[in-house]
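Everything on this sheet refers to the single structure shown next.
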Amino acid sequence: MYQLYIANKNYSSWSMRPWLVLKAFNLPFEEIMLPFPAERNTGTFKQDVLAINLNGKVPVLVDHDLMLWDSLAICEYLAERHPDQHLWPQNVKQRARARCIAAEMHSGFTALRNACGMNIRAHLADVGKRLWQDDAALRDDVARIEQIWSERPEVNGFLCGEFSIADAFYAPVVTRLMTYALPVSESTQQYMHTMLQQPAVKAWLDAALQEDAWVNYLESYQQKPL
Ligand SMILES: N[C@@H](CCC(=O)N[C@@H](CS)C(=O)NCC(=O)O)C(=O)O
């Protein structure tokens with residue numbers, strides 16, 4: 001049984017990715033939640049993470065004496081350990097595409113990530129409208145993501161055929177497009193719909209909506225409700 005250390009489902013986009021892979025492919029794992037503190041540099045989050053991972057970040061996957069501290073490396077490890085489950089597409093060309101797509105997310109899209117932090121339960125359409133007008137880099141990131149998504153083999157399907165690690169890597173983008181109500185094409189909306197029906201994605205979103213922890217430094221666009 002694996003142990004996956006994650007942070008709040010409402011906010012932690014990097015935690016979401018390997019969690020979705022474990023869940024979607026029915027791999028046995030225990031989830032260990034280390035909630036972010038309400039204020040930066042308070043609480044025990046940092047010391048709790050540092051006790052298992054000197055990099056100080058989640059997600060962390062523990063498999064007996066092995067500790068992995070990066071979302072993409074975790075997913076690659078799981079794919080190697082469970083070759084029959086096809087966490088990457090079976091088709092060699094789709095598999096290569098899927099790896100490029102996941103790697104591009106892992107190393108890029110900083111404008112979107114910085115301006116539109118994941119906040120599943122929030123409704124920030126007004127903020128999204130303003131950001132969309134003012135932030136050309138954000139518009140460029142979304143345009144590139146829409147281009148990647150539009151190249152999926154089937155309009156009603158996932159990025160490289162069946163649900164794979166590539167889709168898990170873009171799941172937080174689906175939530176961001178909703179939270180900030182960014183204007184996207186019909187094809188993009190169709191992919192979002194497909195993702196929102198995926199049981200593991202649904203399970204994460206439902207759990208995120210149950211959370212009530214307020215992390216002030218991740219709420220730059222709204223005040224804590226009284
Ligand atoms: N490249 C890392 C990024 C991990 C990351 O930035 N995690 C965030 C949570 S989403 C974190 O632990 N932040 C806490 C901190 O920086 O103190 C990965 O892919 O796993």
Side-chain angles (χ1 to χ4, degrees), residues 2-24 27 29 31-63 66-81 87-88 98-122 124 141 145 148 159 164-180 200-201 204-205 207-209 211 213-221:
Y2 300 111
Q3 276 100 38
L4 183 74
Y5 291 80
I6 61 171
N8 310 49
K9 290 191 170 121
N10 185 56
Y11 300 109
S12 185
S13 60
W14 292 113
S15 300
M16 184 180 189
R17 295 166 170 109
W19 188 97
L20 286 182
V21 170
L22 286 158
K23 193 85 174 167
L27 307 180
F29 75 108
E31 168 190 319
I32 301 157
M33 166 78 68
L34 301 178
F36 291 132
E39 301 289 343
R40 205 184 287 282
N41 301 326
T42 65
T44 61
F45 172 80
K46 213 48 178 183
Q47 79 197 51
D48 292 345
V49 180
L50 286 170
I52 46 159
N53 166 25
L54 290 176
N55 160 281
K57 292 181 194 292
V58 290
V60 176
L61 184 86
V62 174
D63 184 15
L66 180 67
M67 186 281 291
L68 300 175
W69 65 93
D70 177 88
S71 55
L72 189 51
I74 291 169
C75 293
E76 286 286 9
Y77 176 71
L78 294 172
E80 277 194 34
R81 291 305 302 259
L87 277 54
W88 291 114
R99 284 202 161 102
C100 285
I101 289 171
E104 188 166 346
M105 180 75 242
H106 194 248
S107 61
F109 302 118
T110 44
L112 173 67
R113 295 219 301 257
N114 290 339
C116 302
M118 189 168 94
N119 192 340
I120 290 168
R121 66 176 174 230
L124 298 168
D141 275 1
I145 288 167
I148 293 170
L159 293 181
S164 77
I165 292 169
D167 299 285
F169 266 71
Y170 284 79
V173 175
V174 172
T175 79
R176 287 167 153 118
L177 294 177
M178 293 195 308
T179 297
Y180 297 87
V201 175
W204 178 280
L205 296 182
L209 293 173
E211 291 179 353
W214 184 272
V215 179
N216 220 15
Y217 61 96
L218 299 177
E219 293 282 358
S220 33
Y221 298 123

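Quick caveat, the model's predicted, so the values are computed rather than measured. Read the numbers this way: they start at 1 and go in the same order the structure lists the ligands and their atoms. Throughout, residue positions are numbered sequentially from 1 according to the sequence presented.
- Those atoms of ligand 1 that come under 4.0 Å of a heavy atom in F36, given as number and element, are 9 (C).
- Heavy atoms of M118 come nearer than 4.0 angstrom to ligand 1 in no pair at all.
- For ligand 1, the atoms sitting less than 4.0 Å from at least one non-hydrogen atom of D70 are 1 (N), 2 (C), 18 (C), 19 (O), 20 (O), numbered in the order shown with element in parentheses.
- Scanning the protein for heavy atoms near atom 12 (O) of ligand 1, the closest one is V58 N, 2.9 Å.
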Quick one: side chains of residues 98-111, donor-acceptor pairs under 3.5 Å with protein atoms, not counting sequence neighbours, listed by atom name and distance.
unit_1 : atom_1 : unit_2 : atom_2 : d
R99    : NE     : E76    : OE2    : 3.1
R99    : NH2    : E76    : OE1    : 3.2
E104   : OE1    : R144   : NH2    : 2.9
E104   : OE2    : R144   : NE     : 2.7
H106   : NE2    : D70    : OD1    : 3.1
H106   : NE2    : D70    : OD2    : 3.2
S107   : OG     : A103   : O      : 2.9

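- Of all atoms in ligand 1, numbered sequentially from 1 with element shown, those under 4.0 Å from a heavy atom of S12 are 9 (C), 10 (S).
- Here the OG atom belonging to S220 is positioned 9.0 Å from the CG atom belonging to L124, to the nearest 0.5 angstrom.
- In terms of N/O distances under 3.5 Å, ligand 1 is not approached by F45.
- The closest approach between P59 and ligand 1 falls below 4.0 Å for a heavy atom of the residue.
- A donor and an acceptor atom, one from each side chain of R176 and Y180, are nowhere located under 3.5 Å apart.
- Not one N or O on the side chain of E31 forms a donor-acceptor pair closer than 3.5 Å with the backbone of I6.
- Here R113 contributes atom CZ and D141 contributes atom CG; the two are 9.0 Å apart, rounded to the nearest 0.5 Å.
- The shortest heavy-atom distance from Y11 to ligand 1 is not under 4.0 Å.
- Side-chain contact between D48 and Y5: absent, with no pair of heavy atoms (C-beta onward) separated by less than 4.5 Å.
- In terms of polar-atom proximity, K57 is counted as a contact of ligand 1, with an N or O under 3.5 Å from an N or O of the ligand.
- From the protein, the heavy atom lying nearest to atom 19 (O) of ligand 1 is S71 OG, 2.5 Å.
- Counted by atom type alone, E219 and W214 present zero donor-acceptor pairs between their side chains at under 3.5 Å.
- Ligand 1 has no N or O atom lying under 3.5 Å from any N or O atom of S15, backbone or side chain.
- Side chains of N119 and Y221: a donor-acceptor N/O pair is absent below 3.5 angstrom, by distance only.
- Between K46 and ligand 1, an N or O atom pair is found at a separation short of 3.5 Å.
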